Amino acid sequence: MKTSLTLCWWGNTGSYAGAGVQYVIPALLVYRARKDSLQLLGLGVHNKHASPFWHNGWIVFVLIWTVICIVLVTIHHIYTGRKLIHRRNGRFSRQNKRQNLTPSIDRRRN
């Protein structure tokens, strides 16, 4: 029981921290780098190797995508958390149903 709670705790914290590492930190680094390079180089510099994702709308898109992912992960954790609680209480387990039926069959034979 302690192991399943620990795994649940690790899954919850890891998924939210993972969203920050995968999406939020890179988006903020790109935003800050673009702001600093604009101040250092100015507006007239043209980069022939510029990314096709140069627009700040992509940064906003990534942050919106992060919020959507966090909402979906939260819903998933709530759903699987309910299943975990039901499993601990003995519900929704075929093995428990078989164990409950076995003694009644044995009693009829004796």
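Keep in mind the model is a prediction, meaning the values are calculated, not measured.
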> How about Tyr16 and Thr74: do any of their side-chain heavy atoms sit closer than 4.5 Å?
yes
> Work out which heavy atom in Gly20 is nearest to a heavy atom in Pro26; give both atom names and the distance.
O-CD, 4.2 Å
> Working to the nearest 0.5 Å, report the span between CD of Gln22 and OG of Ser15.
10.5 Å
> Let me know which of Ile70, Val71, Leu72, Thr66 forms a side chain to side chain contact (heavy atoms under 4.5 Å, CB included) with Ile68.
Leu72
> I want to check something: taking the side chain as every heavy atom from C-beta on, are Lys35 and Leu38 in contact at a cut-off of under 4.5 Å?
no
> Which atom pairs, donor and acceptor, lie under 3.5 Å between side-chain atoms of residues 54-64 and protein residues at least two apart or in another chain?
unit_1	atom_1	unit_2	atom_2	d
His55	ND1	Gly57	N	2.8
Asn56	OD1	Arg34	NH1	3.4

